2 protein chains.
Amino acid sequence: MSKSQVNQVGNIFYAQSGGVTSVINASAAGLIETARKYPDRFPKIYAGKNGIIGALQEELIDVSQESDETISLLKSTPGGAFGSCRYKLKSIETHQQEYERLIEVFKAHNIRYFFYNGGGDSQDTAYKVSQLSEKMGYPIQCVGIPKTIDNDLPITDNCPGFGSVAKYVAVSTREASLDIASMAASSTKVFVFEVMGRHAGWIAAAGGLAQEQEGDGPHLILMPEVAVDEELLYQKVQACVEKNGYCVIVVSEGIKTPSGEFFSAAGGKDAFGHQQLGGVAPALANKIGQKLGYKFHWAVADYLQRSARHISSAVDVEQAYAVGKHAVELALEGLSGVMPTIVRTSNAPYQWELGHVEISQVANVEKTMPLSFITEDGCGITDEARQYLRPLIMGEDYPEYENGLPKIARLKKVLVPQKLAPFKV
Amino acid sequence: MSKSQVNQVGNIFYAQSGGVTSVINASAAGLIETARKYPDRFPKIYAGKNGIIGALQEELIDVSQESDETISLLKSTPGGAFGSCRYKLKSIETHQQEYERLIEVFKAHNIRYFFYNGGGDSQDTAYKVSQLSEKMGYPIQCVGIPKTIDNDLPITDNCPGFGSVAKYVAVSTREASLDIASMAASSTKVFVFEVMGRHAGWIAAAGGLAQEQEGDGPHLILMPEVAVDEELLYQKVQACVEKNGYCVIVVSEGIKTPSGEFFSAAGGKDAFGHQQLGGVAPALANKIGQKLGYKFHWAVADYLQRSARHISSAVDVEQAYAVGKHAVELALEGLSGVMPTIVRTSNAPYQWELGHVEISQVANVEKTMPLSFITEDGCGITDEARQYLRPLIMGEDYPEYENGLPKIARLKKVLVPQKLAPFKV
């Protein structure tokens with residue numbers, strides 16, 4: 001954290017990074033609407049076309065070409081409107097060329113403010129850029145903006161993007177459970193609902209909020225934190241069907257076998273070298289069907305869950321907007337190398353305020369779910385988990401509809417004329 | 001259709017049948033709230049526990065034990081609150097015992113009105129019960145109530161339940177398309193979204209409404225009406241990715257190969273003897289990935305789509321309620337062997353009114369999608385399709401929320417004391 005560049009005048013570079021969410025554009029709106037109030041300080045706002053790649057390739061979207069109405073519509077538009085990417089800068093020591101290019105682009109366009117909106121991998125990039133100032137003598141203020149459906153950033157109480165996925169999963173689990181309950185006597189008895197969550201069970205855990213009364217679904221929640229003992233699982237499913245007539249299971253894509261391997265691997269790796277997961281639900285449902293003879297169904301929400309802006313939580317939208325706004329405020333205070341955080345000050349009634357943290361403390365640190373959130377049998381969530389999760393799904397923030405569909409922001413995405421030679425990423 | 005039993009006083013039996021929808025309970029509410037206005041005509045309203053099986057087994061839910069508030073909440077509760085089943089009565093000639101049992105139960109509980117809420121298979125059952133009056137001399141008035149997400153009942157312009165799935169699929173497709181568009185430059189380029197639709201592409205076609213401008217997703221819609229030529233499909237996907245940067249595909253579970261087989265069969269058959277489908281999306285996405293080398297993702301909505309009451313279309317909820325109400329009105333008029341229909345009187349502005357039809361005309365008749373709804377290349381929908389589909393997804397009818405989740409009706413389901421010997425189904 002440094003205050004060396006207080007009050008400098010210069011342009012903003014904003015980029016979205018990593019897997020997008022239903023509210024990352026709300027953070028963009030918070031940032032842009034706030035920055036527009038200080039034209040003397042921030043003459044221009046540029047957004048990276050497809051994240052940091054846009055900076056490296058000098059593909060800068062001129063945000064001033066976008067109307068206030070369009071920017072306002074970003075608050076209810078899912079996805080990353082400026083384009084995102086999974087691209088992690090290497091270390092300055094080994095890949096100085098990339099950093100020199102960034103500085104070249106920043107200089108060419110008088111960019112003095114760097115806002116990077118992403119998760120743990122992305123905050124690592126933000127951290128490295130924040131070091132440019134010191135290591136390479138270019139005066140840039142760098143502020144990270146938290147975003148991730150995985151809720152795995154440390155220090156901040158929760159991550160914008162998570163609350164909306166949590167609400168989607170909880171609502172969908174409740175609805176599907178009612179469907180299965182209706183038919184179970186003579187039809188489907190087991191339903192397996194796969195949700196995201198590579199290493200942490202936050203999202204699957206949120207499905208547990210659907211359970212309001214004894215017997216409600218979901219009956220079993222399988223999370224990466226607890227290895228799946230198949231035989232024990234079959235026993236639990238059978239006991240559940242015998243007791244309740246049916247069994248609804250919410251499962252993280254990242255559940256593991258007792259030997260520590262992913263239960264199901266769809267094959268392939270993403271650009272960060274992570275194994276691409278998927279297909280746990282069909283694999284698990286088929287195994288249960290074969291073992292116990294129950295009719296089963298399964299669903300895989302995949303991108304639907306993280307783009308479901310139509311059922312975003314109002315708390316999440318508000319917080320996503322707030323961290324975007326606060327990022328600008330931190331920059332105005334002269335801070336760099338920081339990221340806004342959400343600080344919970346009370347559970348009931350739920351109250352929160354904004355804080356901030358040094359990016360170095362959040363980069364590459366993955367927050368797992370406290371084990372105290374998981375019931376002793378490993379297949380459910382505790383009251384402590386409910387107290388934490390419940391506030392994050394509160395409130396509905398419905399988009400405006402037109403012709404039966406959510407109205408979305410359509411950016412012009414006019415690129416700033418390039419001044420430099422091409423650069424290959 | 002007959003008017004032989006005008007003005008008879010007797011109890012109502014109502015049952016839900018077949019796959020449930022997000023609005024079948026709205027039909028139940030329409031029926032119950034209307035019937036409650038005529039206590040002199042309908043002293044009691046009973047609902048079958050788990051559909052027609054409840055009648056055969058004399059498991060009758062006493063609806064009078066449910067408060068007006070609970071019945072009103074049915075309007076926003078997905079699933080089949082009284083329980084549903086897939087059970088088709090055999091013909092009277094070969095299985096007279098079942099019909100004798102029905103009459104025995106009806107007599108024991110003074111049931112003179114039979115309302116059956118279901119799709120094509122279910123209307124066949126309704127039709128058979130309507131024949132009891134004539135063939136077995138028991139004075140019962142039988143009115144079917146249309147319901148099916150598949151939209152495959154003939155004569156009625158559309159089926160309650162379909163509009164809401166259509167809206168869910170259109171909204172989800174739009175949202176997921178924005179997600180993929182954000183990341184496509186460096187990540188996922190192909191997204192396959194599997195939706196229901198065994199023999200007809202109605203639901204997948206509705207995904208096409210998400211496309212508002214040239215280039216928007218979905219780019220390809222695969223429906224059972226058009227056999228999938230794999231090589232041609234790969235070419236189209238590649239051309240689409242090269243043009244738009246990504247390709248969003250909505251696919252019916254029931255798509256077929258040129259030789260007429262289901263593209264993917266999950267194995268198993270349901271109680272009606274239909275093959276259980278599922279897993280087309282992963283199969284197709286993997287094939288595309290292997291062939292073209294694109295990173296892909298897929299989603300299978302399964303029950304989520306038909307229970308997604310949180311995003312039901314207002315038109316659908318209104319129509320579902322209206323057909324339930326109208327069923328009672330038809331019975332009051334002395335009609336039997338009929339089913340209310342939705343009659344479209346204008347496309348723009350969309351206007352509709354209620355009609356009715358003889359059940360014999362709808363039982364076991366499957367309405368496929370007009371080929372004029374499908375574009376010449378077989379992978380899209382025409383303007384004619386849009387004109388038909390658009391009104392059905394109009395309006396939002398949000399449920400009330402409590403603790404961040406939709407409030408649902410919780411029925412007491414008090415069973416009427418049994419008077420007869422047990423009967424094995």
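These numbers were taken from a predicted model, which means no experiment stands behind them. Naming convention: chains lettered A, B, ... in sequence-line order (proteins, then strands); numbering from 1 in each chain.
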**Prompt:** Any chance CD of Q213(A) has more than 12 other-residue heavy atoms, nucleotides or ligands included, within less than 6.0 Å?
**Reply:** yes
Output for pair (Y168(B) OH, S172(A) OG), nearest 0.5 Å, gives 6.0 Å
Under 4.5 Å to a heavy atom of chain B? For S313(A) that would be neither
Cut-off 4.5 Å, heavy atoms of chain A, and the answer for Y350(B) is neither
Honestly, the part of Q16(A) sitting under 4.5 Å from a heavy atom of chain B is neither
Bottom line for F82(B): the part with an atom under 4.5 Å from chain A's heavy atoms is neither
Whatever's closer than 4.5 Å to a heavy atom in chain A on R309(B) counts as both
One should read off an interatomic distance between R86(A) CZ and S186(B) OG, to the nearest 0.5 angstrom, of 8.5 Å
Under 4.5 Å to a heavy atom of chain B? For L392(A) that would be neither
Counting heavy-atom pairs under 4.5 Å with chain A, the top scorer among G395(B), A301(B), P78(B) is P78(B)
When the 4.5 angstrom heavy-atom criterion is applied to I24(A) and chain B, the contacting part is neither
Bottom line for Q305(B): the part with an atom under 4.5 Å from chain A's heavy atoms is neither
NZ (K167(B)) and NE2 (H310(A)) are apart, to the nearest 0.5 Å, by 10.0 Å
Value for OG (S182(A)) from CG (N50(B)), rounded to nearest 0.5 Å, stands at 9.0 Å
When the 4.5 angstrom heavy-atom criterion is applied to T77(B) and chain A, the contacting part is side chain
Comparing T173(A), I180(A), I311(A) against chain B, the one with the most heavy-atom pairs below 4.5 Å turns out to be I311(A)
Separation between CD (E194(B)) and CG (D302(A)), nearest 0.5 Å, reads 12.5 Å
From the list G79(A), S307(A), A176(A), S177(A), the residue making the most non-hydrogen contacts under 4.5 Å with chain B is S307(A)
Looking only at L178(B), I393(B), D179(B), I408(B), the option with the highest number of non-hydrogen pairs under 4.5 Å against chain A is D179(B)
Subject >> D216(A) with R410(B): basic N within carboxylate O range, under 4.0 Å >> reply: yes
Value for OH (Y87(A)) from OG (S187(B)), rounded to nearest 0.5 Å, stands at 15.0 Å
Under 4.5 Å to a heavy atom of chain A? For P282(B) that would be side chain
Between S84(B) and M183(A), the two heavy atoms sitting closest are CB-SD, 3.6 Å
M394(A) and G404(B) have their tightest heavy-atom pair at SD-N, 3.4 Å
| query | When the ring planes of Y398(A) and Y401(B) are compared, do they come out parallel, tilted or perpendicular, using 30° and 60° as the limits? | reply | perpendicular
Of the listed G80(B), P391(B), A166(B), A210(B), the one with the largest count of heavy-atom pairs under 4.5 Å with chain A is G80(B)
Residues A299(B) and L304(A): closest non-hydrogen pair is CB-CG, 4.1 Å
Between R390(A) (side chain only) and N403(B) (backbone N and O only), is there a donor and an acceptor less than 3.5 Å apart? yes
